[in-house]
Number of protein chains: 2
Amino acid sequence: MRALDDDIHTTAALRMSSAGGQRYTSSRRSIVEVLAHSDHPLTLPQILALDPTLAQSSAYRNLAELIAAGVVHRIVVADEHGHFELAEDLTGHHHHLICLSCGSVTDFVVPAKAEATIDRALNSIAEERHFEVEHHRLDLVGRCQTCLT
Amino acid sequence: MRALDDDIHTTAALRMSSAGGQRYTSSRRSIVEVLAHSDHPLTLPQILALDPTLAQSSAYRNLAELIAAGVVHRIVVADEHGHFELAEDLTGHHHHLICLSCGSVTDFVVPAKAEATIDRALNSIAEERHFEVEHHRLDLVGRCQTCLT
DNA sequence: ATGAGTGCAAAGGCTTTGCATTAGG
DNA sequence: CCTAATGCAAAGCCTTTGCACTCAT
């Protein structure tokens, strides 16, 4: 389901050097490591909490480079912090459960068949509107199990 | 497809007074009017441009009240301005084409049949994850016709 | 040695808030 | 009258940037 950690770092390093001769430093590796070990997107404060040696501004800068290299993806849930996760081609296509109450974001996968239906519908819309699709975004917004109890 | 303008204002006024005795002032009416006449979500600067008599801070405050009353919905596309639109029960369920290049947001509707498939898939996920769904969010992210040429 | 990377502190940009004034019921 | 609403300016919050220092090649 998910590539081995080594593969992820190898791929990340490769993409970084391809995308403008960026080095895959230990800070960057650490960020990728933290993201790879989480089963849901993380905010910057969460990343820093998981690796307190990281400096905030450098983390933001490194995330920007990782995003530019296609290693990391940033999602915007509401207006608080952005959430960062590894690019989908490293982790697989998935969607998000977004809790309105605690702001948590969790991953989920929809059955291939439903995903295919969605893709078909979206592609025909895109074609008729002359819109070039980069990706789609399907999220459930509501209240998570923890917040319901 | 969309309720008559008068109905929208009547509904809006009603929801405002129900939601904590808020008055439906001319500024608020004007915001709703502007949103009702747009076929896509608007940012605050866009709203102000369409009605220059509105003051920024009051507009934000009024939008917050309108959102609390369930008249307006705010969507977050990226990290620039938020986008405001009338609540879906006033305009009908729809989705968004989000252009990465110019940041524009356009509405689209997916065929009822596909929408039903999506709902079914999402509901079963929600049930199995004990997640209480408030709404779902399905957007296409890419490049719009204008930006492609 | 040379350019990328780092970290601190300061600046930016969108939104919210404090406060005194105005207006609607 | 009395409470809500308004508008200006100031503050907040997340993120980005300037700059001097460090590190790897």
Side-chain angles (χ1 to χ4, degrees), chain A residues 9 12-34 41-49 51-69 71-85 103 105, chain B residues 9 12-35 41-49 51-69 71-85 103-105:
Chain A
H9 291 302
L14 194 60
R15 289 189 189 175
M16 288 297 272
S17 62
S18 304
Q22 306 285 338
R23 296 174 191 154
Y24 194 56
T25 61
S26 64
S27 300
R28 292 171 180 180
R29 184 187 177 97
S30 179
I31 290 173
V32 170
E33 188 73 14
V34 165
L42 299 173
T43 63
L44 193 102
Q46 291 172 332
I47 294 171
L48 296 186
D51 182 346
T53 70
L54 294 171
Q56 183 184 53
S57 68
S58 301
Y60 273 121
R61 242 184 305 233
N62 285 333
L63 283 164
E65 296 296 347
L66 289 164
I67 290 168
V71 177
V72 168
H73 185 210
R74 178 184 175 174
I75 63 176
V76 184
V77 167
D79 257 344
E80 1 110 277
H81 291 89
H83 289 67
F84 301 91
E85 63 183 1
V105 181
Chain B
H9 291 302
L14 194 60
R15 290 189 188 175
M16 288 297 272
S17 61
S18 304
Q22 307 285 338
R23 296 171 192 159
Y24 195 56
T25 61
S26 65
S27 299
R28 292 172 180 180
R29 183 186 178 94
S30 178
I31 290 174
V32 170
E33 187 73 13
V34 166
L35 294 180
L42 298 174
T43 63
L44 193 102
Q46 291 172 331
I47 294 171
L48 296 186
D51 181 348
T53 70
L54 294 171
Q56 183 184 48
S57 67
S58 302
Y60 272 121
R61 243 184 303 231
N62 286 333
L63 282 164
E65 297 295 347
L66 289 164
I67 289 167
V71 176
V72 169
H73 185 211
R74 177 180 176 179
I75 63 177
V76 183
V77 168
D79 257 343
E80 2 110 279
H81 290 90
H83 289 66
F84 302 91
E85 62 184 2
S104 70
V105 181

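Throughout, protein chains are lettered first and strands after them, A, B, ... in sequence-line order, and every chain is numbered starting at 1. Quick note: numbers below take in every heavy atom, side chains included, and nothing from hydrogens, waters or symmetry partners.
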Could you tell me how far apart B/Leu42 (CG) and C/dC14 (C1') are, to the nearest whole angstrom?
17 Å
Quick one: are B/Glu33 and B/His9 in side-chain contact, heavy atoms under 4.5 Å?
yes
Atom pair CG/NE2 of A/Leu44 and A/His83 - distance to nearest 0.5 Å
11.0 Å
Identify, with sequence neighbours excluded, every residue that meets side-chain contact (heavy atoms from CB on, under 4.5 Å) alongside B/His73.
B/Ile75, B/Glu85, B/His135
DNA chain C nearest-nucleotide lookup for A/Arg28 and B/Thr25: closer to the 5′ end is A/Arg28
Residue met sooner reading DNA chain D from 5', once B/Asp79 and B/Thr53 are mapped to nucleotides
B/Thr53
All heavy atoms of A/Val76 vs all of B/Ala78, minimum pair found to be CG1-O, 3.6 Å
Which donor-acceptor pairs under 3.5 Å do the side chains of residues 53-64 of chain A make with protein atoms, sequence neighbours left out?
unit_1  : atom_1 : unit_2  : atom_2 : d
A/Thr53 : OG1    : A/Asp51 : OD1    : 2.6
A/Asn62 : OD1    : A/Arg28 : NE     : 2.7
A/Asn62 : OD1    : A/Arg28 : NH2    : 3.2
A/Asn62 : ND2    : A/Ser58 : O      : 3.2

Does anything in residues 56-66 of chain A reach DNA chain C, meaning a heavy atom under 4.0 Å, and if so which residues?
A/Ser57, A/Ser58, A/Arg61, A/Asn62
Could I get the full list of side-chain contact (heavy atoms from CB on, under 4.5 Å) partners for A/Ala13, not counting sequence neighbours?
A/Tyr24
Sequence neighbours left out, what passes side-chain contact (heavy atoms from CB on, under 4.5 Å) with A/Arg23? Give chain and number order.
A/Thr25
Under a 4.0 Å heavy-atom criterion, DNA chain D is touched by chain B from D/dT3 to D/dA9
For a quick test of reading the model: is some side-chain N or O of B/Arg23 closer than 4.0 Å to OP1 or OP2 of C/dG25?
no
Over all atoms of both residues, closest heavy-atom pair of B/Gln46 and B/Pro41:
OE1-O, 4.0 Å
